Amino acid sequence: MNPENSPQKNLVSRRSLIIGAAAASIAAGNATVRAAPANGPVIVTSWEFGPGANDQGWPILADGGLAIDAVEKAINYVELLPDEFWVGYGGVYNEVGETTLDAMMMWGPTHDVGAVGCLKRVKRAVSVARKVMEETQHTLIVGDDATRFAARMGFQETSLSNETSIKAWEEWQAKNEPSDAWDPEPIGGGEKPDGHDTVGTMVVDVHGNVCVGCSTNGRLHKIPGRVGDSPIAGAGAYCDNDVGAAIATGNGDVMMRFLPTYHTVELMRAGASPEEAARAAIDRILAKGYHFDGGIIALAKDGRHGAAKAGWADENFGYAVRNQAGSEYIPVGANGT
Ligand code: ASP
């Protein structure tokens, strides 16, 4: 449905007003300056698609735009990459061959969250999450109802499969193996699940607004209906406008049990550096005996950043940073950044 014809057209959204008011006051030059980062705005995005994503968000920030717009633009870029298997259409499929998406957006100035879980047949999941945040009082909408919500917001329903994902699914199905998700998550041993990635983007804009978002297809061969950590505030991503933000990637089925991005941000509030905070959040999970692959990336409001990981000995886990000093890709080793 076109948004012009939508039943929401004439509704005045409280949340849109809040974000709109922030934008208007900034445009009028009287925004509250909330301790913007010393070196201007900053954008941080996970994994190797991070530099390309940051390049999309950076012009918005360099022009004095809002963090929320930069986060959405950066993540949409990755969601729409045709050859990216782990995020967006044409990639990771579930146990029955369907691609479903999880995404979240969190806006620091109002501590507002919108998210979708197990979204079907709609691209740009993070933009649907933003609509949940701006147009409703809800935080998380899931499954076919998330698809219906997206259609009411004007998003097009379409297939999320492409040649690559169909071929990969057919090859896996021919092996006639059960999904590894049927093996109860081992504490302290056993096989790690097949790979998965998330795009997570964190921004502090020139006005001192903090925003975070993330989007993923989740875990390969997941059981239908599975929702991972990404759309859960404090699990897949979290921000606090006074402190900064954190994003998670890796085995969400384990990591969401510890709310590691909430933990990371709270440790930064207590004085830890981004890297120390991320390390402590990962170590909390390891201390319970979990054997998992995962990483946390953190951004302090003053522009400092850092990360830590567990596992992923053979993966090029890292993140990209763009600020006024330029663009950088930072690999994350076993001992952090
Ligand atoms: N955390 C995501 C999930 O489990 C996937 C990933 O980041 O690797 O759904």
Side-chain angles (χ1 to χ4, degrees), residues 44-50 53 74-75 78-79 81 84-89 91-95 98-106 115-120 125-126 129 140 142-143 146 160 179-181 183 185-186 191-202 212-238 245-264 278 281-282 285 290-298 307-320 332:
V44 172
T45 300
S46 59
W47 290 107
E48 286 161 330
F49 36 61
I75 293 179
V78 182
E79 290 176 322
L81 284 174
E84 173 46 52
F85 190 74
W86 304 104
V87 178
Y89 78 100
V92 170
Y93 47 85
N94 66 11
E95 198 188 22
E98 187 174 21
T99 293
T100 65
L101 311 176
D102 294 342
M104 182 180 78
M105 175 84 90
M106 185 162 187
V116 285
C118 203
L119 173 70
K120 302 177 179 190
V126 81
L140 172 62
V142 302
L160 296 180
S179 161
D180 59 9
D183 189 7
E185 194 64 57
E191 286 295 306
K192 291 180 184 173
D194 288 327
H196 38 95
D197 286 355
T198 297
V199 55
T201 297
M202 306 176 276
V212 67
C214 61
S215 182
T216 186
N217 296 16
R219 176 174 169 169
L220 191 60
H221 309 147
K222 61 192 177 182
I223 295 167
R226 182 262 193 189
V227 173
D229 56 334
S230 299
I232 310 296
Y238 190 73
I247 47 180
T249 176
N251 187 338
D253 290 309
V254 166
M255 295 173 81
M256 68 196 293
R257 299 171 190 174
F258 293 82
L259 297 179
T261 55
Y262 174 77
H263 188 187
T264 300
I282 292 282
I285 305 173
Y290 277 103
H291 175 68
F292 76 108
D293 288 319
I296 303 282
I297 308 165
K309 70 171 183 179
W312 273 334
D314 305 325
E315 292 271 352
N316 185 18
F317 172 57
Y319 64 93
V332 182

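This is a predicted model, so every value here is computed, not measured. Note that ligands are numbered from 1 as they come in the structure, with each ligand's atoms numbered from 1 the same way. Along the sequence shown, the residues carry numbers beginning at 1.
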Just do the side-chain hydrogen bond (donor to acceptor under 3.5 Å, both in side chains) check on Lys222 and Thr100 with the steps written out, would you?
CA-CA 10 Å; Lys222 61 192 177 182; Thr100 65; 3.0 Å; yes

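- For ligand 1, the polar-atom distance check finds an N/O of Gly250 within less than 3.5 Å of one of the ligand's N/O atoms.
- Nearest to atom 3 (C) of ligand 1 by heavy atom, out of Ile247, Asn251, Asp229, is Asp229.
- The shortest N or O to N or O distance between Trp312 and ligand 1 is not under 3.5 Å.
- Residue contacts with ligand 1: Gly228 is placed with no nitrogen or oxygen under 3.5 Å of a nitrogen or oxygen of the ligand (distance criterion only).
- Here's the thing with Asp197: one of its N/O atoms is less than 3.5 angstrom from an N/O atom of ligand 1.
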List the steps, then state whether side-chain hydrogen bond (donor to acceptor under 3.5 Å, both in side chains) holds for Thr216 with Ser230.
CA-CA 7 Å; Thr216 186; Ser230 299; 4.9 Å; no

Check step by step if ring pair (Phe, Tyr, Trp, His ring centres under 6.0 Å) holds for Trp47 and Phe317.
CA-CA 6 Å; Trp47 290 107; Phe317 172 57; 5.1 Å; yes

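- In summary, the atoms of ligand 1 found under 4.0 Å from a heavy atom of Thr198, numbered by their order in the structure, are 1 (N), 2 (C), 5 (C), 6 (C), 7 (O).
- Applying the ring-ring contact (aromatic ring centres under 6.0 Å, His included) criterion to Tyr262, with sequence neighbours excluded, gives Tyr238.
- The closest approach between any non-hydrogen atom of Asp102 and ligand 1 is not below 4.0 Å.
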Determine, step by step, whether Asp180 and Arg219 satisfy the salt bridge (Lys or Arg N to Asp or Glu O under 4.0 Å) criterion, reporting the C-alpha distance in whole Å, the side-chain angles of both residues, the deciding distance to 0.1 Å, and the verdict.
CA-CA 10 Å; Asp180 59 9; Arg219 176 174 169 169; 3.3 Å; yes

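- Contact annotation: for Arg226 versus ligand 1, heavy atoms closer than 4.0 Å belong to the side chain alone.
- Atoms of ligand 1 found under 4.0 Å from any heavy atom of Thr249 (numbered from 1 in listed order, with element): 6 (C), 7 (O), 8 (O).
- Applying the ring-ring contact (aromatic ring centres under 6.0 Å, His included) rule to Tyr93 yields the partners Trp169, His221; only residues at least two apart in sequence or on another chain are considered.
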Run the side-chain contact (heavy atoms from CB on, under 4.5 Å) check on Tyr290 and Met255 step by step: do they pass?
CA-CA 10 Å; Tyr290 277 103; Met255 295 173 81; over 6 Å; no

